[in-house]
Novice: 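Have a look at this one.
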Amino acid sequence: MASSRRQYPFHLIEPKWQQIWDIQQTFRAFNPGEQIPPDHPFAQRHKLTGKPAATQLPPKFYILDMFPYPSGAGLHVGHPEGYTATDILARYKRALGFNVLHPMGWDAFGLPAEQYAVKTGQHPRQTTEQNIATFKRQIQSLGFSYDWSRELATTDPDYFKWTQWIFLKLYNSWFNPETNKAEPIETLKCPAELESQSVGRASSRADSGGGSSAASPHQNLKSARRGFVDSRRLAYVSEQPVWWCEQLGTVLANEEVVDGKSEVGGFPVERRPMRQWMLRITAYAEKLLADLDTIDWSESLKEMQRNWIGRSEGAEVDFQLLLASGGRFQPGGPDYERIRVFTTRPDTLFGATYMVLAPEHKLVDYITPLKQRKAVEDYKAFAASKSDLERTELAKEKTGVFTGACAINPVNGEKIPIWIADYVLASYGTGAIMAVPAHDTRDFEFATKFNLPIVQVVEPPDPKTDWRGFVDDGTSVNSTGPEISITGLPTAEAKKKITAWLESKGLGKKTVNYKLRDWLFSRQRYWGEPFPIVWKKGPDGQSYHEALPESALPVLPPELTDYKPTATGEPPLARARDWVNLPDGSARETNTMPQWAGSCWYYLRYLDAKNSNAFVSKEAEAYWMGAISPQSTGRSPQSDSGLKTQDSGLKSTTPGVDLYVGGTEHAVLHLLYARFWHKVLYDLGYVSTPEPFFKLVNQGMVLGEDNQKMSKSRGNVIPVDVPVQEVGTDALRLFEMFMGPLEMVKPWSTKGVEGVYRFLGRVWRLFVDEKSETEFEQAETTAKNAQERKELLKLIRMDSVVKDVAATPAQLKTLHACIKKVTEDLDGLRFNTAISAMMVFVNDAITWETKPVSVLREFLILLAPFAPHLAEELWSKIASAFSLQPSALAYAPWPRFDPALLVESEMEIPVQVNGKLRDVIKVPANADNAALEAAAKASEKVQPFIAGKTIRKIIVVPKKLVNLIVS
RNA sequence: GCGCGCGUGGCGGAAUGGCAGACGCGCCAGACUUAGGAUCUGGUCCCGAAAGGGUUGGAGGUUCAAGUCCUCUCGCGCGCACCA
């Protein structure tokens, strides 16, 4: 390949235009109120001068890539797929007249840089900066139209200052169930017994951290108050079992643990009780679920989030305890007289023949009589010894033991045994279930194994179905007790009736349960955002936390020489004694935030990346996130052409990010966390939309040429630099899109890249004079340096068959068919078929003896989003060859197709007999149904199939098809 | 096990219920060439000399007409997975 002749001098063209775009700041996106240089192509296109207000700017289009973690390995050809798609869209929307925001940045905190630091002692910041430089060089070599003036890195103190600021907002807020939103902590009312006039208002300034708290006669009351408030913050401290990963030396969130292993590295994790920072994402479970219906995401992605949130409706039911003698009676309130269960099938209550507690359930010891104590203790130890992985792997075989205690089924007064088994999870529902073996698969298996009674209470709709293990809806049977009967009712009604009865008796209530747990937000790492929190000791000896004031931000991490994690789980930051211990005796929080923190809000920082007074200005947020509707702007894109818009892509401003493209791996991590933060910021009035990402598309993975996922170990990784060197970035970009639909998984193909490279060569030869190109090539061999070589591009002349003449109707038809297809396909993100439409155009145009320059120019505008460097070069060559005013192709108005030009004088109509194709006839374009019918019958090829037969029916699809039904 | 998605030439993939296989790769033949791994032209689903027949994982169905809609079935991919 390297030895073959270059299709066109992309090696000079591509750097040339990247440099021009950079010098002219072509892709700078302008904020409301920002000074726009009058000679900037955006200003010229939209006739803007000075500092336009939001209402004077054209409608915005915010098109976002998931920013990358800059790893040391650099980019392979799979990385630019999404970036190419968004760049094509960004350029297309710019041509349509939108004010396009298309930024790029770095999700730069992360474990690899820290692990490298542990190994080599090189500061993670240095590693990170090197990696960013590599990524940036590679991404820039691909010619994306990012506004680099908005570049950000989550590791930059000017950035994470605001990450910490948002944490303070979470810390200083609570979720008010009455208003159903987050509110400043000041609005939280303490219960009357905690209210005290002397301390009542004093601590209501929540960010008054740093102030000393002298001992007071009300100190007990004060710490009780503090406990109450602290337990309701959206960011709170909790001691609870968390996932600890020994190898990584840190705790992990539920979302970061996959199949009992760490998502990063695949190391084993174990449950350990630790004191950690948590974020109260569960308060938003319902909103996170419900608002999925308001956004344009793929169904599969929404489904993943729904599954993760895991909403289920049901009832909590209390079962009265019947203690056998020998139970460890303790003084206790009503909690010790009943066991509360959660069930989604209260209608099967009559079939509950036993109960099961999780081995960790707090009542287990209490209810277990002496003679069962040994067996129960043994089982608890057995269950605790199993890792989570083993627990799932051994899922087939049910285990458990009888506690010796029993309870009363509230609907029929029957005495049922209480077991413990590890198929009941302590962390879900109430950690206890009523077992209905007849109508629950797991209970059925368990009851079968341990010979527990199985009682039918639901009749399947189809009497042939076995009721044993029947878990779907049916009709209640055997469900009549002394006070309540639901026999004969369909499942839905039975649920309602029995739940109402339970509620009226105070035995239970309707409940909604979620699988979603609060977000474990602290990590025992160095390379992350420190918490803006200090710890103090009260006069009562209790330690408590306080927020630092905003003026203390950013809180920078200390310098360390040893980044190693500690075995105890104490964070590495604790080694920096001078940093930790403050003069007033308080101590800094030494945990850091997880990597996800920075990516929770970066899309907001892009809007106003340099703002040092706020995380984003109100004006910028309102403009880019869509609070200003296009109606109020009184402008529409392409208003300069005065034509009505033709397609949906020109429609109104959408709320939030208009298009977000990234991999599916963030389905329940980044995308859930970012939505959560955004909703908190929305509730607190800092952003104007309830959802951050209006439309989201997952690009499919690019596999290696061998159809395997690209990986170092397989040796099938193709770095982006390889095709960029050999065929140029325009060809790479084109092939990234030509492989197949964006969302689909597809294999890389070196041969395929050559195919689109040849296409670009054909485009080139459509325009240029071959002889002059040969001259250029000869001159190039003697050129001394890159600058000289670049100058030589001038030697290449336009082909003399490109003329300033009127296009023929056939040529216009070819052009407008291409405009139509490319426009429609871009609106539908069908890049692959858009490219094939351009290939069709070129295959035709290359045969024209005379090539009207007007047609070729419009084609270049279509090509520009896909192959911008080549298109710009040819565009400028045309301008100089035909003495046109030089103009920036990036802002040239998108051509619109004229349907009138697509009308044919004749049309080809397939003729079927009994649904089988027999002929394709040519008829005048204006032929009506009768004419079609007549022409079809007259067809010579059709004759033999209808001769001597009766025509029973004739189907004519106007301008489409004729079908003759004969017999 | 449950949920979602997908099965079309040698390959990647096109087809508002209306001519299956656009476009590209590969392959075959030819042209130009000292040469071709450059370029250009033509061909390329299967059976058949042709007429014609068959063909979108498989089996049914709806329809004048099905790759497309419905039912069942097989295969692949992704997600969740003892969530009561």
Side-chain angles (χ1 to χ4, degrees), chain A residues 1-7 258-259 298-308 310-312 314 341-345 348 356 358 391-392 394-396 398 421-425 427-436 439-443 445-446 471 513-516 664 667-668 698 700-701 707 734-735 738-741 743-756 758-759 761-762 765 770 821 830 832-840 842-843 846-847 908-920 944 952-957 960-966:
Chain A
M1 171 120 206
S3 62
S4 65
R5 184 182 165 183
R6 254 189 215 105
Q7 291 280 345
V258 179
D259 292 339
S298 74
E299 201 48 42
S300 68
L301 191 62
K302 286 185 182 181
E303 201 56 28
M304 278 190 237
Q305 291 220 340
R306 287 192 193 108
N307 284 341
W308 191 261
R311 182 185 200 274
S312 50
V341 303
F342 172 73
T343 178
T344 55
R345 293 295 299 270
T348 62
V356 186
R391 241 168 120 147
T392 40
L394 300 172
K396 281 136 215 140
K398 293 274 180 296
D422 67 0
Y423 81 90
V424 173
L425 308 175
S427 57
Y428 183 78
T430 62
I433 62 157
M434 64 177 211
V436 184
H439 306 295
D440 180 283
T441 312
R442 297 146 301 171
D443 297 343
E445 286 172 14
F446 192 83
V471 298
N513 240 298
Y514 300 93
K515 282 197 269 181
L516 185 69
T664 186
V668 290
N698 288 125
M701 198 162 356
N707 248 303
L734 211 59
F735 185 65
F738 189 62
M739 279 185 285
E743 282 111 317
M744 201 178 271
V745 177
K746 53 229 161 227
W748 185 256
S749 160
T750 301
K751 284 288 183 192
V753 184
E754 288 176 36
V756 293
R758 278 203 282 271
F759 162 68
R762 284 158 71 80
R765 292 190 294 277
E770 231 186 302
K821 182 80 175 136
R830 294 180 297 267
N832 53 333
T833 48
I835 292 166
S836 77
M838 292 190 289
M839 289 173 168
V840 170
V842 170
N843 288 346
I846 210 152
T847 66
E908 296 191 335
I909 301 293
V911 179
Q912 300 177 337
V913 178
N914 286 348
K916 291 202 176 194
L917 182 72
R918 295 304 174 189
D919 195 11
V920 178
R952 302 234 166 258
K953 197 173 172 188
I954 299 174
I955 284 108
V956 182
V957 184
K960 268 279 163 70
L961 169 140
V962 179
N963 190 3
L964 306 171
I965 311 305
V966 301

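This one's a predicted model, so the numbers in the text were calculated from it and none came from an experiment. Per chain, numbering begins at 1; letters A, B, ... match sequence-line order. Values reported hereafter were calculated over all heavy atoms of this structure, with side chains retained and with hydrogens, waters and symmetry mates removed.
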Novice: May I ask you to say what D443(A) touches in the nucleic acid, namely base, sugar-phosphate or nothing, with a heavy-atom cut-off under 4.0 Å?
Specialist: nothing
Novice: Indicate, with a heavy-atom threshold strictly under 4.0 Å, whether Q7(A) touches base, sugar-phosphate, or nothing.
Specialist: sugar-phosphate
Novice: Would T664(A) and M701(A) count as a side chain to side chain contact (heavy atoms under 4.5 Å, CB included) if you check the C-alpha gap in whole Å, the side-chain angles of each, and the deciding distance to 0.1 Å?
Specialist: CA-CA 9 Å; T664(A) 186; M701(A) 198 162 356; over 6 Å; no
Novice: Using the P atoms only, state how far rG21(B) lies from rG57(B), rounded to an integer number of Å.
Specialist: 16 Å
Novice: Closest heavy-atom contact between P910(A) and K960(A)?
Specialist: CD-O, 3.1 Å
Novice: What does R918(A) touch in the nucleic acid at a heavy-atom separation under 4.0 angstrom: a base, only the sugar-phosphate, or nothing?
Specialist: sugar-phosphate
Novice: Has N914(A) got a side-chain atom pairing as donor or acceptor with V966(A)'s backbone, closer than 3.5 angstrom?
Specialist: yes
Novice: Taking the side chain of V920(A) as its heavy atoms from C-beta onward, which of rC19(B), rG13(B), rC82(B) lies nearest to it?
Specialist: rC19(B)
Novice: Among rG12(B), rC64(B), rC80(B), which is the nearest nucleotide to the side chain of I965(A)?
Specialist: rC64(B)
Novice: Do K398(A) and Y423(A) form a cation-pi contact, if we require the NZ or CZ to be under 6.0 Å from the six-membered ring centre and within 45 degrees of the ring's axis?
Specialist: yes
Novice: Determine the contact category for N843(A): base if any of its heavy atoms lies under 4.0 Å from a base atom, sugar-phosphate if only primed atoms, P, OP1 or OP2 are that close, otherwise nothing.
Specialist: sugar-phosphate
Novice: In terms of side-chain heavy atoms of R758(A), which of rU16(B), rC25(B), rA84(B) is nearest?
Specialist: rC25(B)
Novice: Would you classify M434(A) as touching base, sugar-phosphate or nothing, given that sugar-phosphate means primed atoms plus P, OP1 and OP2, and contacts are heavy atoms under 4.0 Å?
Specialist: nothing
Novice: Does a distance-only test, which skips hydrogens and angles, find a donor-acceptor pair under 3.5 Å between the side chain of K398(A) and the base of rC82(B)?
Specialist: yes
Novice: Please state whether the base of rC64(B) and the side chain of N963(A) form at least one donor-acceptor pair under 3.5 Å?
Specialist: yes
Novice: Would you mind classifying the nucleic acid contact of S749(A) as base, sugar-phosphate or nothing, using non-hydrogen atoms under 4.0 angstrom?
Specialist: nothing
Novice: Starting at the 5' end of RNA chain B, which residue's closest nucleotide do you reach first, L917(A) or D440(A)?
Specialist: L917(A)
Novice: Among rG54(B), rA84(B), rG79(B), find the nucleotide with the atom closest to the side chain of K916(A).
Specialist: rG54(B)
Novice: Categorize V745(A) for me: base, sugar-phosphate, or nothing, with a 4.0 angstrom heavy-atom threshold over every strand shown.
Specialist: sugar-phosphate
Novice: Counting any heavy atom closer than 4.0 Å, what does R762(A) reach on the DNA or RNA strands: base, sugar-phosphate only, or nothing?
Specialist: sugar-phosphate
Novice: Remember a base hit wins even if backbone is also touched, and classify K960(A) as base, sugar-phosphate or nothing at under 4.0 Å, heavy atoms.
Specialist: base
Novice: Contact class for P741(A) vs. all strands (heavy atom < 4.0 Å): base, sugar-phosphate, or nothing?
Specialist: sugar-phosphate
Novice: Only counting residues at least two apart or in another chain, list the ones meeting side-chain hydrogen bond (donor to acceptor under 3.5 Å, both in side chains) with K515(A).
Specialist: none
Novice: Any strand is fair game: report the nucleotide pairing with rC2(B) by Watson-Crick or G-U wobble, both distances under 3.5 Å, or none.
Specialist: rG79(B)
Novice: Taking the minimum atom-to-atom distance to the side chain of N832(A), which one of rA14(B), rC80(B), rA84(B) wins?
Specialist: rA14(B)
Novice: Under a 90° cut-off about 0 for the syn range, is rG58(B) syn or anti?
Specialist: anti
Novice: Which part of the nucleic acid, if any, lies within contact of V840(A), taking any heavy atom under 4.0 Å across all strands shown: a base, the sugar-phosphate backbone alone, or nothing?
Specialist: sugar-phosphate
Novice: Side chain of P910(A) only, please: which of rC19(B), rC64(B), rA84(B) is the nearest?
Specialist: rC19(B)
Novice: Check every atom of rC80(B), rG24(B), rA84(B) against the side chain of K515(A) and return the nucleotide holding the closest atom.
Specialist: rC80(B)
Novice: Do N963(A) side-chain atoms and G915(A) backbone N/O form a donor-acceptor pair below 3.5 Å?
Specialist: yes
Novice: Please classify the nucleic acid contact of K953(A) as base, sugar-phosphate, or nothing, using heavy-atom distances under 4.0 Å.
Specialist: sugar-phosphate
Novice: Only one of V341(A), D443(A), I433(A) clears side-chain contact (heavy atoms from CB on, under 4.5 Å) with V356(A); which?
Specialist: I433(A)
Novice: Where the side chain of T833(A) is concerned, which of rG18(B), rA15(B), rG26(B) is the nearest nucleotide?
Specialist: rA15(B)
Novice: Is there a Watson-Crick or G-U wobble partner for rA49(B) with both distances under 3.5 Å, and which nucleotide is it?
Specialist: none
Novice: Check every strand shown and say whether S312(A) touches a base, only sugar-phosphate, or nothing at a heavy-atom separation below 4.0 Å.
Specialist: sugar-phosphate
Novice: Name the closest nucleotide to the E908(A) side chain, picking from rC19(B), rC82(B), rG24(B).
Specialist: rC19(B)
